[in-house]
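Notes follow once the structure below has been shown.
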Amino acid sequence: MAARDDDSGPRQRRRKPTRADPGRAMAFSDAVIAIVITLLVLDLRPPDAEPGELLPALLEEWPTYLAYAASYTYLAVIWLNHKAAFTRIREMDIGLQWANLGILAALALVPWPTAVIAETARTGNIDDERVAVALYAIVGALLCLSWLVFFSYLARHPDLTNEEVDDSYFARERPRALIGVVLYLAAGVAGVLLHPLVASVVFLLLPAFYGFTSHGHDQRPAFLRAGDDKGRGNTRPSGS
């Protein structure tokens with residue numbers, strides 16, 4: 001059988017003039033994430049302490065360290081998820097570019113509630129701490145919402161992804177983002193109604209969840225993917 005000479009295969013089409021290689025978006029995103037992570041350390045300041053009282057003063061700053069750890073881990077996990085997503089993207093159109101910029105806009109906000117939590121921890125006012133964790137929860141939920149938009153766009157435009165990625169891959173990623181929206185908002189409510197420390201614990205656990213699943217459902221251990229592969233068979237033909 002003679003080899004096909006045409007470009008009629010679904011993944012063999014020439015790139016449209018309105019589409020671009022994802023390399024530039026990846027480089028820009030990496031630069032933004034690196035800058036935002038660097039900004040977090042600016043809130044780690046030496047405490048005001050009398051001579052001989054440095055250690056207790058440092059220990060009293062533990063909420064600041066907790067906020068830094070939660071935010072740094074969160075941003076690091078975002079980078080892992082972002083890298084994992086872009087290894088599956090073949091080209092970008094204007095809609096996907098805006099969806100990616102939405103993620104960057106949301107993550108650029110993270111140092112702000114982190115700084116607010118650090119500052120309220122220094123004052124020790126419990127009412128201010130409740131407001132601070134609520135603000136952090138809103139930004140966290142907004143960031144997860146931006147991922148939901150990103151995943152949803154790719155689910156509706158599977159032609160932007162690599163040939164080996166099945167059409168339902170990014171649709172299956174959407175629940176991960178939705179879980180984040182719900183749990184961040186729930187953590188904010190718990191932090192306001194119960195105690196700010198409750199919210200802080202959730203803020204630490206959620207990045208751990210996203211770090212564990214950062215390569216997507218199809219890369220989890222087999223015992224966690226039981227049933228995921230059933231009924232798939234929805235990959236696009238290779239065009240051969």
Side-chain angles (χ1 to χ4, degrees), residues 11 13-44 67-116 135-136 138-165 167 169-174 176-178 180-181 184 203 206-207 209-219:
R11 297 297 185 88
R13 297 192 298 268
R14 293 178 180 176
R15 182 170 293 152
K16 297 179 180 179
T18 56
R19 295 184 176 183
D21 183 90
R24 187 171 182 182
M26 289 179 64
F28 178 71
S29 301
D30 286 348
V32 171
I33 295 172
I35 292 171
V36 173
I37 285 180
T38 303
L39 291 175
L40 291 176
V41 78
L42 298 180
D43 290 306
L44 299 180
Y68 172 80
S71 295
Y72 181 90
T73 305
Y74 193 20
L75 292 171
V77 167
I78 288 171
W79 181 79
L80 289 173
N81 278 270
H82 195 272
K83 178 174 67 71
F86 268 80
T87 59
R88 295 167 170 85
I89 296 173
R90 180 173 63 97
E91 57 186 9
M92 300 185 70
D93 62 8
I94 189 64
L96 186 57
Q97 289 169 352
W98 276 111
N100 184 58
L101 288 171
I103 292 175
L104 299 181
L107 71 86
L109 293 173
V110 172
W112 173 40
T114 304
V116 173
L135 175 63
Y136 193 100
I138 291 171
V139 172
L142 181 63
L143 186 47
C144 291
L145 183 61
S146 69
W147 276 103
L148 181 60
V149 172
F150 183 82
F151 290 146
S152 296
Y153 191 88
L154 283 167
R156 295 195 305 270
H157 299 84
D159 55 301
L160 297 174
T161 61
N162 294 325
E163 183 174 352
E164 64 274 12
V165 180
D167 288 357
Y169 176 83
F170 284 104
R172 296 196 310 274
E173 291 292 277
R174 287 182 295 195
R176 296 174 62 231
L178 187 58
V181 173
Y184 269 109
F203 296 158
L206 274 173
F209 163 72
Y210 286 117
F212 185 70
T213 62
S214 62
H215 293 287
H217 293 298
D218 62 343
Q219 296 295 320

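What's counted below: heavy atoms across the whole structure, side chains too, no hydrogens, waters or symmetry copies. The chain is numbered in sequence order, starting from 1.
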Residue pair E173 / L154, side-chain heavy-atom distance below 4.5 Å: no

Results of side-chain contact (heavy atoms from CB on, under 4.5 Å) for A171 - residues two or more places apart only: A155, R174

Pairing residues for F203 by the ring pair (Phe, Tyr, Trp, His ring centres under 6.0 Å) criterion, not counting sequence neighbours: Y136, Y184

Donor-acceptor contacts, no H, no angles, side chain residues 139-153, under 3.5 Å, sequence neighbours left out:
residue: S146; atom: OG; partner: L143; partner atom: O; Å: 2.5
residue: S152; atom: OG; partner: L148; partner atom: O; Å: 2.7
residue: Y153; atom: OH; partner: D93; partner atom: OD1; Å: 3.1
residue: Y153; atom: OH; partner: D93; partner atom: OD2; Å: 2.8

F209 atom CZ: more than 12 heavy-atom contacts under 6.0 Å: yes

Atom pair NE2 (H157) and CD1 (I89), whose distance is rounded to the nearest 0.5 Å: 13.0 Å

Side-chain polar contacts of residues 94-112 - donor-acceptor pairs under 3.5 angstrom, sequence neighbours left out - could you list them?
residue: N100; atom: OD1; partner: H82; partner atom: NE2; Å: 2.7
residue: N100; atom: ND2; partner: S29; partner atom: OG; Å: 3.0

Neighbour count >12 (heavy atoms, 6.0 Å) for atom OH, Y72: no

Side chain to side chain donor-acceptor pair (under 3.5 Å) involving T114 - partner list, sequence neighbours excluded: S71

From CZ (R88) to NZ (K83), nearest 0.5 Å: 9.5 Å

Min side-chain heavy-atom separation D159-R19 under 4.5 Å: yes

Check: L44 and Y68 side chains under 4.5 Å, non-hydrogen atoms: yes

Close side-chain approach of L206 and Y74, heavy atoms under 4.5 Å: no

Atom pair OG1 (T73) and CD1 (I78), whose distance is rounded to the nearest 0.5 Å: 11.0 Å

Flag side-chain contact, heavy atom, 4.5 Å: R90 against V165: no

